[in-house]
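Nothing here was measured: the structure is a model prediction, and the numbers come from that model.
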Amino acid sequence: MQGTVTIGLIQMAVGNDPDVMLKKAQDKVERAAKAGANIICLPELFKTRYFPQHIGIDASAFAETIPGASTKIFSDIARAYNVVIIVPLYEKTPEGRFYNTAVVIDADGTLYPPYHKVHIPQDPGFFEKGYFYPGEGYRVFDTRYGRIAVMICFDQWFPEAARCVALDGAEIIFYPTAIGHPGGDEPAEGNWQEAWELIQRSHAVANSVHIAAVNRAGQEESCRFFGGSFICDAFGRIMTKAGDGEETVIASLDLSMNHTVRGSWGFFRNRRPETYGRIGVAFPGESGAFPDLRERDTPRNRGFHMPAEWEPHHAVWLSWPHNNNTFFDLSAVEEAYYEFIRAVHTSERVELFVPTAVIHRKVRARLREAGADLSRITLHTSEYSDVWIRDYGPTFLVNRALQKIAIVHWDFNAWGGKYEDQIRDGRIPLTMNRRLSLPIFTPGIVLEGGSIDVNGKGTVLTTRACLLNPNRNPGLSADQIEERLKEYLGVEKVIWLNDGIVGDDTDGHIDDIARFVGPSTVVCAYEMDIADANYPALHDNYEILRQSCDQSGQPLTVVKLPMPAPVMDGDERYPASYTNFYIGNSVVIVPVFKDPHDAEALKIIRNLFPEREVIGINARAMVEGFGTFHCGTQQQPRL
């Protein structure tokens, strides 16, 4: 088409109610149509607040099918007003994939095949890789009012994409967008809005096409979306531009200008495609959506995060107790393990390491006698020293958009070099991955799984006593360790507690003092006896938590959990704590100690997990090895 076409861009602020936003967008589109617009474009994800500001949010309720309710409404409007409408949505396909999508609806109400956002960002405030499956290519739509292409937000930073659709005949490129300054301040590299305009105007110049960029506006949590929607001609000159509030931008374009500029400047006819080969080389890997891990790739920048323990599990990994140097009453610890496996194996699969073929046969026979469903329990014979797989095992990660699981393989030095014979257990993650064949991230720092606890939404709890101990990573500062936690756990915020409990040979693991039991709820070990040696540290930690917020600024709800009376052997005090519970799919296994506080602790935990069966198992003999059930487990998530 070489004539004049009028386009309208709907710049709008987005609220919390998708139905209200749909009605608001409907009204604005109809007004733009009445004002003479032939092609009307809404901003990216116009129905919902920008949920990828944070990690791990369940946004599935915002997703819709195509065709669906929204496209039906706009199809009717397109037909009634003879307009083309571009509708950006969060799409769920019949196969269960989630896409950041734009649907082009022609003036007769016909829906074209949807465009799926190709380039997916993963930066603070824009954590999209965990939400959107990437698209596989570009589309040009031959509509009643011209040949148009639609790309979405981050696509606009890639000149290759603009060149592709221009070569395919696009006369106008639309970029529905959600961009602003996360944190509200101008980033150190400069003004994003200026760069955003500049890159898109350069696409217009280089490709001799008109550009229409539509942004959202307003404050959403810490991000200020700066609006500034604009339309520029085929030589990059801005024809009209919005301010920073709600506004509909309308302009008439002379599409014959594309041909004039292209003929004058010759950018297309003077191309040298034979010299551009490097641009088209694919990254190695299973697909463009999931290339092989590369240098400087981290879980966070690849869209992975550690899920909360209460999220669905595929399995729990255990190592069978066999070390007499660890457990003085090994038979009692074995009984606790049999009881644990019987309780949890109906909740999730059990993957159990055993050290020898003899123990393999003994454990399997005993489980069969106890009536366990052996189809849900797999025994793996492998050498290892001790049971503490929480600490020497891997940390499992998820990317739900890609339906991928990965692991982090931390360095393990046996809790600061305390147990030379147990350092070899640090090989277990590689042993596990020979079976699992998962992508593996290696941060190169010492960390045990019991030293961290996450809410699955972007916040991690840990302690200074452990992670900043010079026997772990003496060459790293607190800020450097915090950055590693953010990158390798996929979190935004670190909450530091101080000291652990008396008798804890791990130097203060978090799983003996505080645990997330909900996105912003923490259960905290608390000693009521001010004369007890644990009182100062636990009271201090409680006060820190009480004054802390999660990743989105929500104050934490802190629930006190009593401590058992000191568990002693002569002068030796063991690290007995009810917070060392394990959260399974349908059960919570709590260590108990034949203590008067057992019943109170179980009652509190039952109130926190009303939909799970809370089971207390005697861990008096196990704690003599300086840990209990959480220390001895590692959950494998289910997608």
How about CZ on R296, more than 12 heavy atoms from neighbouring residues, nucleotides or ligands closer than 6.0 Å, or not? no

Taking the ring of H314 and the ring of F396, is the distance between their centroids below 6.0 Å? no

Side-chain contact, heavy-atom cut-off 4.5 Å: N399 with R302? no

When you check the gap from the basic side-chain N to the acidic O, do R342 and E339 get nearer than 4.0 Å? no

Ignoring hydrogens and geometry, is there a side-chain-to-backbone donor-acceptor pair from E221 to H54 under 3.5 Å? no

Apply the side chain to side chain contact (heavy atoms under 4.5 Å, CB included) test between F581 and each candidate in V614, I589, I605; give the one that qualifies. I605

Looking only at heavy atoms, which two atoms of P591 and S577 are closest? And how far apart? CG-O, 3.5 Å

From M306 atom CE to T395 atom OG1, the distance as rounded to the nearest 0.5 Å: 5.5 Å

Atom of I604, atom of P562 and distance for their closest heavy-atom approach: CD1-CD, 3.7 Å

Does the side chain of N541 pick up a donor-acceptor pair with the side chain of Y526 at under 3.5 Å? no

Centroid-to-centroid, Y384 to Y392, below 6.0 Å? no

Within this structure, what is the CD-CD1 distance for the pair Q122 and I55, rounded to the nearest 0.5 Å? 6.5 Å

Before giving the answer on side chain to side chain contact (heavy atoms under 4.5 Å, CB included), spell out for H597 and M563 the whole-Å C-alpha distance, their side-chain angles and the decisive distance to 0.1 Å. CA-CA 7 Å; H597 294 100; M563 286 288 286; over 6 Å; no

Salt bridge check, E383 against R424: does any charged N sit closer than 4.0 Å to a carboxylate O? yes

Looking at every non-hydrogen atom in both residues, tell me the closest pair between Y337 and V387 and how far apart they are. OH-CB, 3.5 Å

Yes or no on side chain to side chain contact (heavy atoms under 4.5 Å, CB included) for E624 and F327, after CA distance, side-chain angles and deciding distance? CA-CA 6 Å; E624 292 179 1; F327 299 115; 5.6 Å; no

Show, in sequence, the C-alpha distance, side-chain angles and deciding distance for R638 and E348, and conclude whether the salt bridge (charged side-chain N to carboxylate O under 4.0 Å, His left out) test is met. CA-CA 10 Å; R638 183 178 76 229; E348 56 219 68; over 6 Å; no

Under the side chain to side chain contact (heavy atoms under 4.5 Å, CB included) rule, what do V559 and N607 come out as? Steps first, then yes or no, please. CA-CA 11 Å; V559 179; N607 288 336; over 6 Å; no

Answer with yes or no whether the side chains of D504 and T506 bring together a donor and an acceptor at under 3.5 Å. yes

Could you give me the CA-CA distance, side-chain angles and deciding distance for V398 and H305, then say whether side chain to side chain contact (heavy atoms under 4.5 Å, CB included) is met? CA-CA 6 Å; V398 296; H305 72 278; 3.6 Å; yes

On a heavy-atom basis, which atom in A401 and which in Y133 lie closest, and how many Å separate them? O-CD1, 3.4 Å

Which of these, Y338, F340, F353, sits in a ring-ring contact (aromatic ring centres under 6.0 Å, His included) with W320? Y338

Atom pair CG/CZ of N585 and R612 - distance to nearest 0.5 Å: 7.0 Å

Is the backbone of D373 close enough, under 3.5 Å, to the side chain of H345 for a donor and an acceptor to pair up by distance? yes

Atom CD of E286: over 12 foreign heavy atoms under 6.0 Å: yes

Under 3.5 Å, side chain of D595 to main-chain N/O of A565, donor-acceptor pair present? yes

Considering residues, nucleotides and ligands other than M528, do more than 12 of their heavy atoms fall under 6.0 Å from its CE? no

Nearest-0.5 Å distance, CG of residue L461 to CG of residue N455: 8.0 Å

Does a donor on one side chain and an acceptor on the other come within less than 3.5 Å for W415 and D505? no

Closest heavy-atom pair, I405 versus F304, reported as atoms and distance to 0.1 Å, is C-CE2, 4.0 Å

Does any non-hydrogen side-chain atom of F126 lie less than 4.5 Å from one of P52? no

Minimum heavy-atom separation for T633 to R390, with atom names? O-NE, 2.8 Å

Tell me the side-chain hydrogen bond (donor to acceptor under 3.5 Å, both in side chains) pairs involving residues 355-364, sequence neighbours left out? E334-K362

Is there a side-chain contact between D507 and R472 (heavy atoms, below 4.5 Å)? yes

Classify the side-chain pair Y50/E128 by whether it contains a donor and acceptor separated by less than 3.5 Å. yes

Pairwise side-chain contact, P124 with R300, heavy-atom cut-off 4.5 Å (strictly under): yes

Given the side-chain rings of Y131 and F98, with only the six-membered ring counted for Trp, is the space between their centroids under 6.0 Å? no

Inter-residue atom distance R620.CZ - K594.NZ, 0.5 Å rounding: 9.5 Å

Would you mind checking if K457 and E311 are paired as a salt bridge, meaning a charged N to carboxylate O distance below 4.0 Å? no

Heavy atoms, side chains only, cut-off 4.5 Å: are I495 and L556 in contact? yes

Taking the side chain as every heavy atom from C-beta outward, state whether H509 and N580 have any pair of such atoms under 4.5 Å apart. no

Would you say the side chain of W496 lies within less than 4.5 Å of the side chain of S548, judging by non-hydrogen atoms? no

The reported gap from CD1 in I583 to CZ in F629 (rounded to nearest 0.5 angstrom) is 15.0 Å

Is the side chain of K129 donor-acceptor paired with the backbone N or O of I120 at a distance under 3.5 Å, no angle test? yes

Is any side-chain heavy atom of S319 less than 4.5 Å from a side-chain heavy atom of D386? no

Less than 3.5 Å apart, any donor N or O on the side chain of N324 or T326 sitting next to an acceptor on the other? no

Yes or no on salt bridge (charged side-chain N to carboxylate O under 4.0 Å, His left out) for K603 and E600, after CA distance, side-chain angles and deciding distance? CA-CA 5 Å; K603 180 179 178 182; E600 181 186 359; over 6 Å; no

